[in-house]
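Working notes for the structure below.
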Amino acid sequence: MTENSLNENQGIEAVSWNRKHLLDIDDFSTSEFDLVMKTADVMKDVLSRPIKKVPALRGKTIGTLFYEPSTRTRSSFELAAKNLSADVVNLAASSSSIAKGENLIDTVHTLEAVGVDVLIMRHPIAGASHLAARYAKSSIINAGDGAHAHPTQALLDMYTILKHKPCIQGLKIVILGDSRHSRVARSNIWGFTAMGASVTLCGPRSLLPVGLTGQHAVYSNIKLETDISLALDGADVVMALRMQKERQSAGLIPDIREYVAQFRLTSERLAAARPDVVVMHPGPVNEDIEISSEVASGPHSVINEQVSNGLAVRMAVLYLITGGNKE
Amino acid sequence: MSSSILIKNGRVIDPAGTIDRQADVLIRNGLISNMSGKGQFEDAAVDQVIDAEGMTVCPGLIDLHCHLREPGQEDKETIKTGSEAAAKGGFTTICCMPNTKPPIDTAAAVSYVNSIAARDSAIRILPIGCITKNRKGEELAPMYELAQAGVVGFSDDGSPVIDASLMLRAMQYAGPLGLPIIEHCEDLLLSGGGLMNEGDLANIFGLPGIPAAAEEIMVARDILLAKNTGIHIHIAHISTRGSVEIVRFAKKLGIKVTAEVTPHHLTLTETAVAGYNTNAKVNPPLRRDDDVQSLIEGLNDGTIDLISTDHAPHTTSEKEQEFGLAPAGISGFETALSSLLSLVHQGKMEMVKLIEAMTVAPAGILQGRFGKLGTLSPGSIADVTIFDPNREWRVDASSFISRGKNTPLHGKTLKGKVIITISRGEVVYRLDP
C-alpha cells in the first residue's frame, strides 16, 4: 500500500492542514480538529489489521527528545512512528541536562544534523517547544511543555469522547483534580470549549488555576467549582487528573487523605452525573487516590480506550505533519 | 579645555525653574552660563553653535537605577558600553546597582567602579552600595565605609532584604549617613518560581504567575519600617496598582517614601510575553493595563516621584533559552526616553512632567552632593539633553551600543529621539545625521 492508496482508499481529504509544527491546539479551527479525527479513524482501521504497518513514513526519521521521564507518551509516539514505517531515534535527555546548561537549540540542530525530520519533544518548562520550533528546520511536535500544553493528549481525549457521544457541542465536561499544574487540562480546555462544550474545573481552590475567576474573555464556557457534587451534577464526561504527591509537600493541600475524602471519584459521587457518563483519565492512574478502582475499571470507564486511541491519533498527527495527505 | 556652546532656537524645558519656552542656552566652562530669549546671544562669541530648531532642550537625564555589570559580567555590559548607551539615550548621570561580581559591598569595590568610570565613561556614574554583605541578606554591609567612598544609596537590588529585622537595623544604621535605602520589593516566597504576572495570560501560557501581593507586601512592610525609623525609603521599580495605592497612603501619613517606575512598566503590559518572548521577561513582571493606568496616574499626581530605567543588559545566548531559564531584564537606556514620549504623544502625560521625573526629581534624591544637577539654571552643571520629540525611528536591537540587545521593542517604531547629549559642557553623543 502506498501513501496515495492510503489517501484515496480511505478518503482522507487533502484539506486545511498547513501546520509544520504541532505546539498547541489553541488556534485550531474546527475543520482541523475534524481532519485529525477523520485521519485517526483511518489509522484505527490500520491498527485493526493483522499487519499493523503502512509505509506512509518510510524513509522519514522521527526523533523523540524527552526532558522528563515518560514511558507511556514516548512509547505511544514511538509505536505510532514505527507503524507508519518511520525510523525512530530516542534521545533520553534529563532535567539535569537542562540544569547543566545544555543548550536546547544546539540539541535540536544536532538531531537535525543526523537527519531527524520530526522531533517529538517533552520539556518541564512551558514554551520550550515554541523555542525549539523557532530555530528548527524539522517539524516539532509538543509532547508536553511544563504546565502549558499537551496537544496530542487533548486530541486523543476528544477522539475518545466522539466514540461515545455524537458530538462535543453542548456536553458538560468536568475536569477533576489538579488543573492548576496540568498541561492536559489546559489543552483540553481549549479543545473542548472550541468544540462547544462547557468545562467545569473541580478541585480544592489551591489546585485550580489562579486568575480564572468568573467571566473572562479568553476561555469561554469554563467554570470553577470546589463542590464535587455540584460539579458532577448532570456531567456527560468526567476526567480525573493524576494527583501528584508533591502537591502535599508544596503546601497546596493539607494531605492526600483529605483530598481523597473530598474529591476522589467514587461510584456514589458519579451517580450525580448522567447515566451515560464517560469516565476518563490521562494516566497513569493513582488508584483509589483520584479515582476509585471500582470506577476506573467500571462500565463508564474509557481509560484503556484512551491509550489505544492515543496510538491512532499520534499516527494521524505524524501523518499530517509530514504532509502525508498532500501526496 | 571646556569650550563654550550656544544652543539656539530650541524649546527649553527646565521643570526645576518651571521654564517651558523658546530660549537659547549658553554653556561656558562646563556650567550653564545663561539662558535668554531667542537670538540674544552672539554666535561669534562661542566655540560651537547648536541649532535646536524643532527640538526640545532639557537638563541631562538622570537614571537612579541601572545595571552596568562591571566588574564580573562584562559579556553582558561594561562601564564603557553602558555609559555610551546611556549617553545615546540622553542620560548624563546614571546610578549603577551593586549586584556585580563581586558586589559593591566594600569601599574597594566602589573605588574600582569609580576608577573604571573615570577612565571609560564620558558621563557621571554614581555607584549604589549593598545593604548586606555579598547581597546575602544576612549581615549588614559596611555602610559607613561605603558612604565615605561615595555611594548614593544602599540596595541589594535583584534581591530583597527578606529578614524584616535586618531591614529595620539597616534603616537605623543608614539613617545618620543621610542616604536612602532603595528596596527591590519582592516577597520571594510569594513570587517563588513565578515567571510572569499572575492571571489569565499566565494560565494560558502555562507559566507560573507572580502575584501582585508579592510586591505589595514588601512595599507595605518597608514603608512601615521607614515610619518606625524615620529614614528615607526609596521603592524601586514599582509595578502594581496596589503598590501605588500603598505609597499614596504612606505619603499622606507623611512617611519619608519615594518611588520610581520604569519605562517598560509605564508603556507595556504582560501581553508582550506572548510567544514566550524572553525579552519581555523582567522582574517585577510586566503587569496589566489597569496597573499601567495606575502607574501613569501615580506619576501624574506625584505619588511616584521619578522614572528609572532598570537597564538590565543580558547576552543574546542567555535570552535565547527556555522562558524559565532566561534571566529577567530589559536593556533600556537606548529606548527609555523615546518609549516614554509615547505617553506625551497620547496625551497621558505632560512633557514637563515627564522631564521632571527624569531630571530634577532623581536629582533630588542625590541631594546636591555632586553639584547642581537636573536643572538648566545658571551656575548648574552643563548636563544637557537635546531631543527631537517627533522624529520617528525603528528600534533595531542589533544597532544598540549596549551589549544587551534584550529589548521587547525590537522592530517597533518609536516617536522621539535624542539628538545630542552634553555632559559637563562637552558633547558626548551626537546622532549621525
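On a predicted model such as this, the values are computed, not experimentally measured, just so you know. To find a chain, count down the sequence lines: A is the first, B the second, and so on, and within it residues start at 1.
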request  = Can you measure from CG (A:Asp26) to CZ (B:Phe205) and round to the nearest 0.5 angstrom?
outcome  = 9.0 Å

ask   = Heavy atoms under 4.5 Å from chain B: which residues of residues 173-181 of chain A carry them?
value = none

task = Could you check if a side-chain atom of B:Glu322 sits within less than 4.5 angstrom of a side-chain atom of A:Leu104, using non-hydrogen atoms only?
result = yes

inquiry  = If the condition is ring pair (Phe, Tyr, Trp, His ring centres under 6.0 Å), which residues does A:Phe33 pass it with, not counting sequence neighbours?
reply    = A:Phe28

key: Criterion side chain to side chain contact (heavy atoms under 4.5 Å, CB included) on A:Ile105 and B:Glu320, from CA distance to verdict   = CA-CA 8 Å; A:Ile105 301 162; B:Glu320 277 179 353; 4.1 Å; yes

ask   = More than 12 heavy atoms of other residues, nucleotides or ligands under 6.0 Å from NZ of B:Lys136: is that the case?
value = no

ask   = Is it the side chain or the backbone of A:Asp24 that comes within 4.5 Å of chain B heavy atoms, both, or neither?
value = neither

Which residues share a ring pair (Phe, Tyr, Trp, His ring centres under 6.0 Å) with B:His67, sequence neighbours left out = B:His65

message = At a 4.5 Å cut-off on heavy atoms, which part of B:Gln321 comes close to chain A: side chain, backbone, both, or neither?
response = backbone

inquiry  = I'd like to check the ring pair (Phe, Tyr, Trp, His ring centres under 6.0 Å) partners of A:His123; sequence neighbours left out, ordered by chain and number.
reply    = A:Tyr67

task = Using atom types as modelled and distance alone, determine if a side-chain donor or acceptor of A:Arg134 lies under 3.5 Å from a backbone N or O of B:Gly275.
result = yes

ask   = Is the closest side-chain heavy-atom distance between B:Phe323 and A:Leu131 below 4.5 Å?
value = no

message = Looking at every heavy atom in both A:Pro209 and B:Asn203, which two are closest together, and how far apart are they?
response = CB-OD1, 3.2 Å

inquiry  = Counting neighbours of CZ on B:Arg221 that are heavy atoms of other residues, nucleotides or ligands and sit closer than 6.0 Å, is the number greater than 12?
reply    = yes

ask   = Within the distance-only criterion (no hydrogens, no angle test), does the side chain of A:Arg183 pair as donor or acceptor with the backbone N or O of B:Gly206 below 3.5 angstrom?
value = no

query = Which heavy atom in A:Ile125 sits nearest to a heavy atom in B:Gly324, and how many Å separate them?
reply = CG2-N, 3.4 Å

inquiry  = For the CZ atom on B:Phe249, are there more than 12 heavy atoms of other groups (residues, nucleotides or ligands in this structure) within a distance under 6.0 Å?
reply    = no

